[in-house]
Amino acid sequence: MSRAPVVRAVTALAVIAVSLFVALTMSPRLGLDLRGGTQIVLETRDSPTAKADAEATDRTLEVLRRRADALGVADAPLSRSGERRIIVELPGVQDPARAAEVIGKTAQLTFHAVEGPAPEGTTPGKDQRVIPDEDGAKMIVGPARLTGDGVSDAAAGTDPQSGGGWFVTLDLREKGRQEWAKLTGEAACHPYGDPKRRVAIVLDDKVLISPQVNEDVGCGVGLNGPSTQITGAFGVEEAQDLAALIKGGSLPVPVEIVEQRTVGPTLGAAAILASAQAAVIGVLLTGLFIVVTYRLAGAIATIALLCYALISYAALVALGATLTLPGLAGFVLAIGMAVDANVLVFERAREEYAAKPRLRPALEGGFRNAWSAVADSNITTLLAAGLLFFLASGPVRGFGVTLVIGVVASLFTAMVVTRVLAQWAVNLPSVARRPRVTGLADIGRVRRWLTARQPDLMRRRVPYLVVTAALVVAALGGVAVRGMNFGVEFTGGRLMDYSTSTPLSADAARELVSGAGFPNAVVQSSDEGVSVRTGRIGEAEQARIEAALESEGGQVTRERDELIGPSLGEELRRNAMIALGVALAAQLAYLAFRFRWTFGLATVIALVVDAAVVVGAFAWLGKTIDGVFLASMLTVIGYSVNDKVVVFDRVRELWGARRKAPFAEVVNGAVLQTVPRTVNTGLGALFILGALAVLGGDSLTDFAIALLIGIVTGTLSSALVAAPLAVEFERRGTAGPPRPKAGRGRTREGSGAVV
């Protein structure tokens with residue numbers, strides 16, 4: 001008997017047990033919209049070498065953004081206020097004082113040769129100075145030989161084999177390597193134990209550590225590697241803070257903390273509750289749909305989806321990801337979309353059972369034959385997610401992390417958890433006697449209808465492409481005529497702080513501001529009163545907001561009124577576009593390698609169509625383009641790629657089995673066979689999105705609308721854009737059909753499902 005089922009069962013139990021332990025013992029880190037956090041206002045100061053103007057402040061803001069990322073504070077909005085102020089919001093920070101200290105440090109890192117001890121009364125020579133070492137003993141150090149500019153990266157680490165002590169690894173740039181080798185080579189010429197064998201590492205005129213150069217380093221040779229380690233009596237926080245400061249780099253100009261306060265969540269309790277209810281209703285409807293469609297197999301898939309949610313949530317919590325409301329909505333949506341792999345398996349199993357009515361072999365054949373489409377669709381998604389992580393920054397990079405977790409968890413639950421439960425179920429005598437209860441013994445009415453009618457979709461491929469071109473032109477027309485309604489995150493806006501004689505809760509203030517005509521304004525409560533952040537508005541609009549607050553807040557005093565810059569800076573937007581472009585190119589290359597270039601090019605063009613339709617719809621509707629919209633667009637692209645990979649995987653299989661058939665006929669058969677699978681997967685996501693759009697409130701309505709448009713468009717473009725384009729491209733190609741896969745002599749005839 002094969003040991004594989006036992007190994008899968010033990011693995012599944014172990015992963016679920018660890019995930020449950022993490023979920024029960026670790027608390028999630030909630031974002032500003034759900035929990036609030038700490039707001040720090042920094043003001044840049046002139047330095048001897050630089051003036052603190054708007055340009056220097058913008059450069060400082062980008063360095064601070066990198067420091068916030070290195071501190072592990074994801075989704076920390078930063079924006080310039082006026083010419084010299086920077087507003088930093090840190091969600092759910094446990095130690096605001098430490099965060100403020102690390103964020104705002106100027107952090108000038110220098111490396112010095114130690115010239116010897118400095119007894120009382122020692123007068124330093126030229127370019128020398130006397131400073132205390134890490135133990136308080138005074139020593140003479142020479143001029144700075146290396147600065148933080150010579151260091152490209154830094155990371156904290158620990159070595160269990162050496163007792164678990166913490167260290168900081170420095171990755172050196174080319175010029176830094178040369179000077180570091182020279183500095184350590186000179187120190188190595190002195191005997192071990194001599195103070196002159198030490199190198200002082202100084203941060204803001206304070207010696208962090210002055211380690212001796214190891215005995216195995218030769219005189220005049222030094223340490224020539226691309227990286228080095230700073231070791232010492234570091235604690236975990238000291239090592240992580242040092243790494244964050246070095247990695248973030250020195251600030252272009254000094255900054256001073258001029259204000260620090262605690263702020264409440266940007267969303268009210270009612271909005272959060274409504275969104276949670278929408279998510280629960282959507283997930284329940286999806287589970288009910290899958291159970292009705294696939295009966296026992298659907299019930300097993302629903303259990304696997306719950307395991308998926310547990311594993312994904314535990315991974316996010318363990319990694320310290322910041323959970324925002326749109327992020328949680330995307331997480332819930334991923335539950336609906338994770339059903340896709342299960343649907344592929346079950347449809348393959350239905351085909352196997354229709355050809356040979358034996359339940360257990362049919363199930364095994366379903367997992368075996370679905371693996372190709374599941375693997376290809378998920379690998380293309382992982383390619384995009386990895387590139388978003390390495391090339392982008394801020395929330396786009398966080399989306400890449402979340403996407404990787406979701407893909408891996410979906411693969412595991414579908415191919416391991418579902419498989420273990422399904423194999424156990426089909427081996428039960430009561431199930432074996434009643435195969436129809438599994439949902440795998442009936443191909444369904446839709447499949448029978450498609451088989452009987454055999455509509456020829458590819459015969460009208462040219463009209464489909466013409467209509468598609470017209471839609472794209474109309475979408476681009478919306479952008480040209482109506483323009484893009486960019487949100488505060490992209491354009492900046494106006495920040496107003498009010499104090500009221502009658503205390504107002506954040507929820508009450510939010511309703512008043514929304515009633516004044518600003519439903520998208522960000523309203524927060526703080527120790528001093530109410531903060532309102534809008535787009536760029538004039539004095540008349542500001543007066544309306546003030547009047548609305550006075551209706552319930554009594555006397556209202558405007559304490560602050562400043563223009564603020566975008567929190568999604570130019571660098572972040574540029575990096576996001578570069579990452580997206582490279583991701584599309586990588587997906588094209590992978591699809592060309594796995595299938596052929598015609599399929600890959602057709603997929604990428606269809607993706608551009610999907611994105612254009614969503615952007616155009618938002619332009620015509622006047623919807624806000626913000627960070628939430630960006631996340632929804634990335635989700636649409638991921639869904640659309642998966643759908644097209646499934647179609648082309650079936651095209652490749654059918655074409656290999658029908659090498660003499662016209663290619664258009666093969667493509668038409670593949671589209672018809674995958675339509676039911678696409679409908680079932682799409683409905684699983686649409687139930688959740690519909691609930692979020694109706695019940696989720698203003699915060700999630702636009703998110704749900706973008707995804708509803710994108711999923712419908714992506715589903716249609718697979719059959720009516722990507723497939724016809726592949727036919728047209730193949731007419732101009734010279735490569736022959738692929739060879740049939742070994743062991744697959746029988747042609748698949750569909751993946752229909754009862755809808």
Side-chain angles (χ1 to χ4, degrees), residues 372-373 375-377 379-381 383-384 454-473 475-476 580-613 636-675 677-678 710 713-741 747-748:
S372 175
D376 284 332
S377 61
I379 288 173
T380 54
T381 305
L383 273 174
Q454 285 293 314
D456 190 357
L457 299 177
M458 294 304 103
R459 187 179 63 182
R460 300 180 180 88
R461 58 182 180 273
V462 174
Y464 295 151
L465 297 178
V466 171
V467 171
T468 299
L471 279 175
V472 172
V473 170
L476 297 178
L580 189 57
V582 175
L584 289 176
Q587 289 177 334
L588 171 59
Y590 177 80
L591 293 173
F593 169 75
R594 283 289 288 149
F595 300 110
R596 53 181 64 208
W597 72 267
T598 53
F599 295 3
L601 184 58
T603 296
V604 171
I605 293 175
L607 287 181
V608 173
V609 171
D610 299 338
V613 170
V636 166
I637 290 172
Y639 174 87
S640 186
V641 169
N642 283 5
D643 197 58
K644 288 155 184 61
V645 167
V646 170
V647 172
F648 285 130
D649 180 78
R650 186 58 64 95
V651 171
R652 177 179 58 183
E653 182 179 339
L654 290 181
W655 201 11
R658 305 176 184 173
R659 296 170 60 83
K660 301 296 184 182
F663 182 65
E665 179 183 315
V666 172
V667 172
N668 190 73
V671 170
L672 294 180
Q673 291 175 16
T674 53
V675 161
R677 165 262 159 200
T678 301
T713 304
T715 299
L716 293 175
S717 69
S718 297
L720 306 181
V721 179
L725 282 174
V727 173
E728 292 300 319
F729 293 154
E730 282 295 334
R731 288 178 60 193
R732 294 160 175 79
T734 58
R739 293 186 177 277
K741 293 185 179 181
T747 300
R748 307 290 172 199

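We're numbering straight along the sequence, starting at 1.
- Interatomic distance, D610 CG to T715 OG1, rounded to the nearest 0.5 Å: 9.0 Å.
- E653 contributes atom CD, which lies 8.0 Å from atom OG of S372 (distance to the nearest 0.5 angstrom).
- Here F663 contributes atom CZ and T598 contributes atom OG1; the two are 6.0 Å apart, rounded to the nearest 0.5 Å.
- By the 30° and 60° cut-offs, the orientation of the rings of F599 relative to F648 is parallel.
- In this structure, the side chain of K644 engages the main chain of G714 through a donor-acceptor pair within 3.5 Å.
- The shortest heavy-atom contact between A664 and M458 is O-CG, 3.6 Å.
- Closest non-hydrogen pair, A602 versus A722, comes out as CB-O, 3.4 Å.
- Considering all non-hydrogen atoms of both residues, A670 and V651 come closest at CB-CG2, 3.4 Å.
- Rounded to the nearest 0.5 Å, atoms CD (Q454) and CD (E665) are 9.0 Å apart.
- Here CG of D456 is found 4.5 Å from CG of N668. Values are rounded to the nearest 0.5 Å.
- Looking at T713, V645, V609, L607 one by one, the single match for side chain to side chain contact (heavy atoms under 4.5 Å, CB included) with S640 turns out to be L607.
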Margin query: Between L457 and L672, is the side-chain contact (heavy atoms from CB on, under 4.5 Å) condition met? List the steps.
Written below: CA-CA 9 Å; L457 299 177; L672 294 180; 4.1 Å; yes
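- When all heavy atoms of I605 and F729 are compared, the closest pair comes out as CD1-CZ, 3.9 Å.
- The minimum heavy-atom distance between L654 and G669, with the atom names listed, is CD1-C, 3.9 Å.
- Annotation for R658 and V666: closest pair O-CG2, 4.3 Å, computed over non-hydrogen atoms.
- One finds the OG1 atom of T603 at 12.5 Å from the OH atom of Y590 (value rounded to the nearest 0.5 Å).
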